[in-house]
Every structure is written in structure tokens, then in C-alpha cells.
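Quick caveat: nothing in here was measured; it's all calculated off a predicted structure.
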Amino acid sequence: MKKVSKDDNFYFLLAALLGLLFISAFMQQLFAGGQKTILALIIICLGVSIAGVHREKVFYRNWYGFLLFLAAISGTFTFLETVDLSLVTLFTLLFFLLSHTYTALKQVMITDYVSGNQIIGSICVYLLLGLSWSFIYLIQLELFPTAFNGIEYKPWLDNLFEAVYFSFITLTTVGYGDISPALPIPRFFVFIESILGGFYLAIMVASLVSSRLSQSDNKQAQHDHTESESVDREK
């Protein structure tokens, strides 16, 4: 009998995150300045991720929907130049990503059964960490315009891909050096991200391998038990 899982369908989340990463690069290279379009596409991409949330998790579905709605409203007010709500939009999107990170990490780490969905979930957590730190860096640019060398202070959507690029370069501890933190607080978040990136990969790989081995041992034990019962019946 197939095991029924109450985990989220991480394939939706993976598609949403990859779409967001590609769109930020595509718009940065070919359509610089299309801020309204970029924000709309971000909301759409993240909205796709909600489709993968398990149907029984009504609270999470509503919470994610509320955050995206708030991000769309605050972004619209900023574009209309009624009031600058850039920080509200950034914090809202950051909370959205961190909420997804928490639920995905919990489902991936606390499991007795490793499936393809769990493996995709572990990839999603890694991407979510990189994207979350991108928005942390964008928030710092809003608060401290000279926070980074190599990134000019501009509307945050114009700097989105630069922040994403720097975040993943830091998360993977590659560090090309074309962008670097210029102030103590940004430096703090940079080294915290690099530490998290290294530890996450080590812990996640060890956890998945351990769960997989335990799963294989359980299957072998069940197989041996079934064979033993079969032999007893023949006797």
C-alpha cells in the first residue's frame, strides 16, 4: 500500500523559485527599468508555490496569500508615488520566503521516508536561503545606501538580480569579489550566510543519506520477515 504523505508538493515551489531567478536575470539584461512588470512576475511566481501547499494546511495557504497581497498593494502605492513603501514590500516578501523555508525545512529534515519530493524539497530550502538573504541585502541597501561596494543605490527592483547574484555567490562561498559589503552590519549578514551555506549542505546530505540507509534497512528487514513467514508456512 502506497504511503500517503501530508508534505507539500515541492515541485511547485521549485518551479516558482527557478522562474523567479530566471525572470530577475532576464528582465535585468533585456528590460532594465520595467519595475512594475518585475514585481507582477515575482508575485505570480511566488503565487505558484502556494499551489503546492498541502490542502489541509489552510493557515499556511491563507498566510502566504495575505503576504503576497500585501506585497502587491505596498508595491502599487510605491509605483504611484503616493508613499514609498519599499521597505514594507521587501519585509513582506522576506517573511514569505522565510515562512516557506521553515515549513520546507521541517518537512525535509523530520521524515522517516526519503522520496523524490523530499530531495526536491532540500533543493528548494537551499534556493530559499539564497533568495531570503537577497531580500535582506536589499533591505540593507534601503537603510544604508552605501552598504555594498559594487551595487549602486537604486530602486530595489533594479538591484534585485545583483542582490540575488551576490547572495548565491556568498551562500556557495565562491566570493568573486566584484561585490563586497562596505559596512559592519552587511558584513555580519554576509558571513552568517556563508556559514549557513556550508553547514546546510553538510547537515542535509548527512541527514538524507542516513534516512535513506535506514529506509533500506527497514525494507530489507521486512523482506527477511516475509521470507521467514513463507518458510514457516511451507513447513
Checklist entry - Side-chain donor-acceptor pair under 3.5 Å between Y137 and N159, yes or no? => result no
Checklist entry - How many angstroms lie between atom CD1 of I120 and atom CG of N9, to the nearest 0.5 angstrom? => result 10.0 Å
Next on the checklist: Would you say that T89 contacts W156 through its side chain, given a criterion of any heavy-atom pair below 4.5 Å between the two side chains?
Outcome noted: yes
Item to check | For T101, all residues meeting side-chain hydrogen bond (donor to acceptor under 3.5 Å, both in side chains), sequence neighbours excluded | outcome: none
Checklist entry - For T170 and W133, does a side-chain donor sit closer than 3.5 Å to a side-chain acceptor? => result no
Next on the checklist: Contact between Y153 and T146 at the side-chain level, heavy atoms closer than 4.5 Å - yes or no?
Outcome noted: no
Checklist entry - Any side-chain heavy atom of Q28 sitting closer than 4.5 Å to one from L160? => result no
Checklist entry - Quick one: does L105's side chain get under 4.5 Å of L128's, heavy atoms only? => result no
Item to check | Results of side-chain hydrogen bond (donor to acceptor under 3.5 Å, both in side chains) for S49 - residues two or more places apart only | outcome: H100
Next on the checklist: Quick check for you: to the nearest 0.5 Å, what is the distance between E142 atom CD and F91 atom CZ?
Outcome noted: 10.0 Å
Item to check | Hphob cluster co-occupancy, L129 + I119, side-chain heavy atoms under 4.5 angstrom | outcome: yes
Item to check | Pairwise distance OG(S24) to CD(E162) - rounded to 0.5 angstrom | outcome: 10.0 Å
Item to check | K154: salt bridge (Lys or Arg N to Asp or Glu O under 4.0 Å) partners, not counting sequence neighbours | outcome: none
Next on the checklist: Whether the side chain of D8 engages the backbone of F10 through a donor-acceptor N/O pair (distance < 3.5 Å, no angle test) should be reported.
Outcome noted: no
Checklist entry - If we only count heavy atoms from C-beta on, is the L90 to L94 side-chain gap below 4.5 Å? => result no
Item to check | Nearest non-hydrogen partners of Y200 and S122, listed with the distance | outcome: OH-O, 2.5 Å
Checklist entry - If you round to the nearest 0.5 Å, how far is CD1 of I185 from CG of L143? => result 8.5 Å
Item to check | Nearest heavy-atom neighbours spanning C45 and A16 | outcome: O-CB, 2.9 Å
Next on the checklist: Between I179 and N149, is there a side-chain heavy-atom distance shorter than 4.5 Å?
Outcome noted: no
Next on the checklist: When you measure from the side chain of S167 to the backbone of A163, do you find a donor-acceptor pair of N or O atoms at a distance under 3.5 Å?
Outcome noted: no
Item to check | Considering all heavy atoms, the nearest T173-S194 contact | outcome: CG2-O, 3.8 Å
Checklist entry - Under the side chain to side chain contact (heavy atoms under 4.5 Å, CB included) test, which residues partner F77, sequence neighbours left out? => result I73, T82, V83, L85
Checklist entry - Looking at residues at least two apart in the chain, or sitting in another chain, which of them share a side-chain hydrogen bond (donor to acceptor under 3.5 Å, both in side chains) with Y126? => result none
Next on the checklist: I need the minimum non-hydrogen distance between A71 and I43, along with the two atoms involved.
Outcome noted: CB-CD1, 4.0 Å
Checklist entry - Same cluster for L80 and L39 if Ile/Leu/Val/Met/Phe/Trp/Tyr side chains link at under 4.5 Å? => result no
Checklist entry - How many angstroms lie between atom SG of C124 and atom CD of Q107, to the nearest 0.5 angstrom? => result 10.5 Å
Checklist entry - Which pair of heavy atoms, one from G130 and one from E193, lies closest together, and at what distance? => result CA-OE2, 4.1 Å
Next on the checklist: I'd like to know whether OH of Y102 has more than 12 heavy-atom contacts from other residues, nucleotides or ligands below 6.0 angstrom.
Outcome noted: no
Item to check | Shared hydrophobic cluster, L98 / W63 (ILVMFWY, side-chain heavy atoms < 4.5 Å) | outcome: yes
Item to check | Spatial distance of atom CZ (F66) from atom CG (L70) [nearest 0.5 Å] | outcome: 5.0 Å
Item to check | Side chains of S180 and F148 in contact at under 4.5 Å (non-hydrogen atoms) | outcome: no
Next on the checklist: Quick one, L21 and L127 - any side-chain contact, counting heavy atoms below 4.5 Å?
Outcome noted: yes
Next on the checklist: Does F168 form a side-chain contact (heavy atoms from CB on, under 4.5 Å) with V164? I'd like the steps, not just the answer.
Outcome noted: CA-CA 6 Å; F168 279 97; V164 169; 3.8 Å; yes
Next on the checklist: With a sphere of 6.0 Å drawn around CG of L18, does it hold more than 12 non-hydrogen atoms of other residues, nucleotides or ligands?
Outcome noted: yes
Checklist entry - If Ile, Leu, Val, Met, Phe, Trp and Tyr residues are connected whenever their side-chain heavy atoms lie under 4.5 Å apart, and connections chain through other members, are V58 and V53 in the same group? => result no
Item to check | ring pair (Phe, Tyr, Trp, His ring centres under 6.0 Å) against F191, all qualifying residues, sequence neighbours excluded | outcome: F188
Next on the checklist: For the backbone of I169 and the side chain of T172, can you confirm whether one donor and one acceptor N or O come within less than 3.5 Å of each other?
Outcome noted: yes
Next on the checklist: For a side-chain contact (heavy atoms from CB on, under 4.5 Å) check, start with the C-alpha distance between L157 and I42, then their side-chain angles and the critical distance, and finish with the verdict.
Outcome noted: CA-CA 10 Å; L157 283 166; I42 290 174; 3.9 Å; yes
Next on the checklist: Go through it in stages, so that I can follow the logic: the residues are Y165 and Y176, the test is side-chain contact (heavy atoms from CB on, under 4.5 Å), and I'd like the CA-CA distance, side-chain angles, deciding distance and then a yes or no.
Outcome noted: CA-CA 11 Å; Y165 163 76; Y176 289 123; 3.3 Å; yes
Checklist entry - In terms of hydrophobic clustering (I, L, V, M, F, W, Y; side-chain heavy atoms under 4.5 Å; direct or indirect links), are F95 and L97 co-clustered? => result yes
Checklist outcome for this item: Closest non-hydrogen atoms of I139 and L87, given as atom of the first, atom of the second and distance, are CG2-CD2, 4.1 Å
